[in-house]
Amino acid sequence: MSPTRRAYLAWIAVCLIWGTTYLGIRVALETIPPFLMGAWRWIVAGVLIIAILAVRGERLPPVRLWGSLALLGILLIGFGNGGVVWAERTVPSGLTAVLIAMSPFWMVGIEAFMPDGDPLTVRRFAGLLIGFAGIVVLVWPEIRVGGTDGFISGVIAAQLACLGWAVGSTYARRHGREENVLATAAFEMLFGGVVMLAVALVRHEPSALTFTARTATALAYLTFVGAVGGFSAYAYALKHLPIATVSLYAYVNPVIAVVLGTLILSEPLNARLGVAAGIVLAGMALVRHEA
C-alpha cells in the first residue's frame, strides 16, 4: 500500500476517533480537573509509545531534536488540546464544535503565508466557508450564547486552541520528515503532557481529583484510543497529505458525533442532520479538489 493511501486511512481514523472525544472529555470533566486530565492522558500515552518503540529497538529522536519536539508539544497538546478542554468547562458542546471547526481557516490561512505553502485560492476558501456553514446548521439548536465571564473565556480558549494547533501543524509538516513519525508524536505527547501537568500543579488541581467508574472509563478511552490512536494517525496523515485536506477532520468530527448519538443513544435522525452533512461534504469536495 502506498504512503498516500495509508495517509488517507490514517485521516479517516482521525475523523472517527476524534469525533468521539468531545463526549469523552465532557464525561471525564465531571470529576477530573481539566489540566490534570490532559496531563495524565498525554503523559501516559507518550510514555507507553516510547516504551514500546524502545523494546522493539526502533530509533528514537535524538536529544538535539527535543527542543523542537517540546515546542510542538506545547502548541499541539498544550494549546490545542488544553484550550478545548478548558472551553468545554463553560461553553455548550454544540458551540464548542463550531468554534473548533474554525481550525481549518487558521491552518489553511497560516499555510498560505508560508514561502512553500499551499495557496489560498477562491475555490478553497469557498469550500472552507461552505463546510463551516454546514457545521453551524448541524449544531444550531444546541447553541446557547451566554454573557458570563466563563463563557467568554471558553470562547477565547477555543480560538487559542485553534491557533496553537494551526501553528503547530504547519511547523510539524516541515519538521523532521525523515524521523520516525510515531516516535516524534510520542515525544510531542510527553512534552505537551508535562506542560499541562505544570499548569495543573500551579492551579492545585490534584486536591480536587476524584474518580468514578464513568470518569475513569472516559479517561482511559481518551488516553489509549484518543491520544495513542488518534494523535499517531494525525501525525502520519500530516506528513503525507496537504494541510488543507488534513484540516477537514474538524468538519467531519461533529457530523460523526451526531451520527453516533443517533446510533448509540437513539437520538432522532432528522432532516437537519442530512442537510448539514450534505453541506459539509460539499465544502470538503471543493477544498479537496485543489488539495
Listed pairs under 3.5 Å, donor-acceptor, residues 220-237 side chains, sequence neighbours left out:
{"unit_1": "Tyr221", "atom_1": "OH", "unit_2": "Thr20", "atom_2": "OG1", "d": "2.6"}
{"unit_1": "Thr223", "atom_1": "OG1", "unit_2": "Leu219", "atom_2": "O", "d": "2.8"}
{"unit_1": "Ser232", "atom_1": "OG", "unit_2": "Val228", "atom_2": "O", "d": "2.6"}
{"unit_1": "Tyr234", "atom_1": "OH", "unit_2": "Trp165", "atom_2": "NE1", "d": "2.9"}
{"unit_1": "Tyr234", "atom_1": "OH", "unit_2": "Ser169", "atom_2": "OG", "d": "2.5"}
{"unit_1": "Tyr236", "atom_1": "OH", "unit_2": "Arg6", "atom_2": "NE", "d": "3.2"}

Connected via hydrophobic side-chain network under 4.5 Å: Ile50 and Val63: yes
Can you name the side chain to side chain donor-acceptor pair (under 3.5 Å) partners of Thr31, sequence neighbours left out? Thr215
All heavy atoms of Met196 vs all of Gly82, minimum pair found to be CE-CA, 3.8 Å
Starting at CD1 of Ile130, measure out to CZ of Phe125 and round the result to the nearest 0.5 Å. 10.5 Å
So, for Tyr249 and Trp11, is the gap between ring centers shorter than 6.0 Å? no
Within the distance-only criterion (no hydrogens, no angle test), does the side chain of Arg214 pair as donor or acceptor with the backbone N or O of Val27 below 3.5 angstrom? no
Apart from Val195 itself, which Ile, Leu, Val, Met, Phe, Trp or Tyr residues share its cluster (side-chain heavy atoms under 4.5 Å, direct or through members)? Ile74, Phe79
Measure the spacing between CG of Leu201 and CG of Leu36 and express it to the nearest 0.5 Å. 7.5 Å
What heavy-atom pair brings Pro34 and Val85 nearest, and what distance separates the two atoms? CB-CG1, 3.3 Å
Apply side chain to side chain donor-acceptor pair (under 3.5 Å) to Tyr8 and Thr245, showing your working. CA-CA 9 Å; Tyr8 276 111; Thr245 298; 4.9 Å; no
Indicate the atoms forming the closest heavy-atom contact of Ser153 with Trp86, along with that distance. OG-NE1, 3.9 Å
How long is the straight-line distance from NE2 of His240 back to OG1 of Thr4, given to the nearest 0.5 Å? 8.0 Å
Is there a side-chain contact between Met37 and Ile25, using heavy atoms and a 4.5 Å cut-off? yes
With sequence neighbours left out, the residues meeting salt bridge (Lys or Arg N to Asp or Glu O under 4.0 Å) with Arg89 are none
One should read off an interatomic distance between Leu71 CG and Leu65 CG, to the nearest 0.5 angstrom, of 12.5 Å
side-chain contact (heavy atoms from CB on, under 4.5 Å) assessment of Trp18 paired with Val252: CA-CA 9 Å; Trp18 283 353; Val252 180; over 6 Å; no
Whether Glu188 side chain and Leu69 backbone form a donor-acceptor pair below 3.5 Å: no
Closest non-hydrogen atom pair between Gly154 and Thr90, with its separation: CA-OG1, 3.8 Å
Which residue pairs pass the side-chain hydrogen bond (donor to acceptor under 3.5 Å, both in side chains) test with at least one member in residues 38-57, sequence neighbours excluded? Trp42-Asn81, Arg56-Glu58
What do the steps show when you test Trp66 against Phe187 for ring-ring contact (aromatic ring centres under 6.0 Å, His included), and what is the final call? CA-CA 8 Å; Trp66 286 12; Phe187 273 81; 5.6 Å; yes
Please round to the nearest 0.5 Å and tell me the distance separating atom CD1 of Ile43 and atom CG of Leu197. 5.0 Å
With Ile110, which residues qualify under side chain to side chain contact (heavy atoms under 4.5 Å, CB included), at least two apart? Leu163, Ala166, Val167, Thr170
Thr21 (side chain) donor-acceptor with Gly24 (main chain) under 3.5 angstrom: no
